[in-house]
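For reference, the structure discussed in these notes is given below.
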Amino acid sequence: MNILIFGPNGSGKGTQGAIVQKKFGIPHIETGVIFRENISGGTELGQKAKGYIDKGELVPDEITVPMILNRLKADDCKTGWLLDGFPRNLVQAEALHDALQKENITLDYAIEIVLDRQTSKNRIMGRRLCVNDNNHPNNIYIDAIKPAEKNGKLVCRVCGGELSARADDQDESAIDKRHNIYYDTQTGTTAGINYFKERVKVIQVDGLPGVNEVSEDLLSKLG
Ligand code: AMP
């Protein structure tokens, strides 16, 4: 099963992605995670990407497109993949579509989590990352995934691991920039979604209800 998942930052895309990943047993490939791993590992790619990420700008397509197309060629992708955070603009959407056609790979679905800009922004600012596992969702503003408390400190609700906040999640101008890109219907992510709407089945879910309601809706539509 090959799936794309779209949704503005803060829409619960990562959380729902983790659920879809479990259902189909496919790797959850998150562009942002790959960049952050490269930054913390001090790689050349990480050094190139960091400045853009800190400002909430897209890492240039010349870096991102080959990185993702190579990742999809790895062995663990042979049985399918869930791609999250890519494509983020029309150019990337076209590049992905062309590359898949060339390799004779079918895209089964695209998922779109629909959420308004202000709600997405509030949710981003509450998001916390678990040091042990990126698929352990925690958010101080969402009841269903509120972190646990241990010795007066907030810890991961799944494994008790330490939590941190991403710098770009606490910076309002970086959030606004990311959302400007997402909601852009001319060349941004929404333009990319519309491009796929003409080519594959796009499953839309409302991101406003709680995590469980959204995942129930999503899983029932995925069949
Ligand atoms: P995310 O974890 O999805 O919020 O991504 C964090 C940051 O990584 C984004 O704000 C961009 O700077 C960069 N990034 C993630 N995905 C892409 C992409 N498809 N193209 C370019 N930059 C990206």
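Count residues from 1 along the sequence. One-based numbering, in listed order, for ligands and for the atoms of each.
Pairs engaging residues 196-209 under the side chain to side chain donor-acceptor pair (under 3.5 Å) rule: E112-K197, E112-Q204 [sequence neighbours left out].
Scanning all heavy atoms of the two residues, the minimum distance from P66 to E62 falls at CG-O, 3.0 Å.
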All N/O donor-acceptor pairs, side-chain side in residues 141-164, below 3.5 Å, sequence neighbours left out:
| from | atom 1 | to | atom 2 | distance (Å) |
| --- | --- | --- | --- | --- |
| D143 | OD1 | K146 | NZ | 2.8 |
| R157 | NH1 | P137 | O | 2.5 |

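Contacts of ligand 1 (protein heavy-atom distance under 4.0 Å) are N9, T31, G32, F35, R36, I53, E57, L58, V59, T64, G85, F86, R88, Q92, R166, R178.
A distance-only check finds a donor-acceptor pair linking the side chain of K177 to the backbone of K55 [under 3.5 Å].
Summarising the geometry, atom CG belonging to L4 is positioned 9.0 Å from atom CD1 belonging to I111; distances are rounded to the nearest 0.5 Å.
With sequence neighbours left out, the side-chain hydrogen bond (donor to acceptor under 3.5 Å, both in side chains) criterion links D54 to K50.
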